[in-house]
Amino acid sequence: MADSIPTLRAWYGGTFDPIHYGHLRAVEALAKEAKLTQVTMLPNNVPPHRLQPGASSAQRREMVELAIAGHPLFRLDARELQRPTPSWTSETMAQLRQEAGPDAPLAFIIGQDSLLTLRTWHRYEDLLACCHLLVCRRPGYPVEMKTEEDRRWLSARLAAHADELHRQPAGKIYLADTPLYPISATDIRARLAQRQPCDDLLPPVVLDYIHRHGLYRSPPDAR
Ligand code: ATP
């Protein structure tokens, strides 16, 4: 039904260290394709035992705020950064499901690389019980999941069309036909450490913030 189409709300989790055009442009294209009117950026808290981001939580949050300022599609939810402990995506989406009620269609956005490892995520079946998954293409990663069992698991959950995700609350996986953006935060950090230009890779306001705050000036293994 056409009048029930623009109801799907989506969240986009990531370290955003820093946020770049591979995030922003892929999601803008996804929003057009899947008729999303609202995407909420959900920056991650990085667990203490993992390699820490080059920027602090506050700085990663500020860079997201700068990147999305004045863009009506995007919002920011800093709940994971405000918790002292790391959060599992399945728990955050369960909380968002409680807030939205049982019938609202909700989705979590990931890139193809994240889809390939999804079945190693903490309680990934619970995640899918809370929301759909919208998957953006990403260059450099296989298009197929690794094992036959993974492929069967995926095909049982695939949505043939994004409209299906607007009509039910959770449980579907949609592989979007978004353009390929060969950009990663890892590459941007390495380029910045080598004083190479990054102008085509992230918004000028974010690059300006990075330079003003002296971020990513040393290679990751020197931190
Ligand atoms: P890093 O290089 O530090 O691992 P990243 O560039 O992969 O970072 P993240 O913040 O870890 O960025 O990613 C958040 C989400 O964005 C993930 O689901 C990831 O798959 C997706 N993503 C990141 N870059 C791209 C891209 N170029 N195209 C499509 N999806 C992307």
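For ligands, and for the atoms within them, numbers begin at 1 and follow the listed sequence.
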Please say whether [X] places an N or O atom under 3.5 Å from an N or O atom belonging to ligand 1.
| X | answer |
| --- | --- |
| Tyr12 | yes |
| Pro139 | no |
| Gln112 | no |
| Ile109 | no |
| Gly14 | no |

- Message: Tell me whether the rings of Phe16 and Tyr12 are parallel (<30°), tilted (30 to 60°) or perpendicular (>60°).
- Response: perpendicular

- Query: atom 25 (C) of ligand 1: which of Arg138, Arg60, Arg137, Arg25 has the nearest heavy atom?
  - Reply: Arg138

- Nearest non-hydrogen atom to atom 15 (C) of ligand 1 belongs to which of Pro53, Gly13, Gly111? Gly13

Identity and distance of the protein heavy atom lying nearest [atom]:
| atom | value |
| --- | --- |
| atom 17 (C) of ligand 1 | Ser114 OG, 3.5 Å |
| atom 8 (O) of ligand 1 | Ala185 CB, 3.5 Å |
| atom 12 (O) of ligand 1 | His23 NE2, 3.0 Å |
| atom 1 (P) of ligand 1 | Thr186 OG1, 3.3 Å |
| atom 3 (O) of ligand 1 | Arg189 NH1, 3.1 Å |

- Message: Does Arg137, at its CZ atom, have more than 12 non-hydrogen atoms belonging to other residues, nucleotides or ligands within less than 6.0 Å?
- Response: yes

Which ligand 1 atoms are under 4.0 Å away from a heavy-atom of [X]?
| X | value |
| --- | --- |
| Ile110 | 18 (O) |
| Phe16 | 10 (O) |
| His20 | 6 (O), 24 (N) |
| Ser184 | 2 (O), 6 (O) |
| Ile183 | 24 (N), 26 (C), 27 (N) |

Look at [X] together with [Y] and state whether they make a salt bridge at an N to O cut-off of under 4.0 Å.
| X | Y | result |
| --- | --- | --- |
| Arg25 | Glu28 | no |
| Arg61 | Glu80 | no |
| Glu91 | Arg83 | no |

- Return yes when Asp113 approaches ligand 1 closer than 4.0 angstrom through a heavy atom, no otherwise. yes

- Query: If we only count heavy atoms from C-beta on, is the Asp77 to Met41 side-chain gap below 4.5 Å?
  - Reply: no

- Message: Running the 4.5 Å side-chain criterion over Ile, Leu, Val, Met, Phe, Trp and Tyr, what cluster does Val143 land in, apart from itself?
- Response: none

- Message: Tell me whether the NZ or CZ atom of Arg138 lies within the 45° cone about the ring axis of Tyr141 and under 6.0 Å from its centre.
- Response: no

- Non-hydrogen atoms of Lys146 and Asp150 that approach each other most closely: N-OD2, 4.1 Å

- Query: How far apart are the closest heavy atoms of Leu36 and Leu73, and which atoms are they?
  - Reply: O-CD1, 3.7 Å

- Query: Are Tyr124 and Trp153 close enough that their ring centers fall under 6.0 Å?
  - Reply: yes

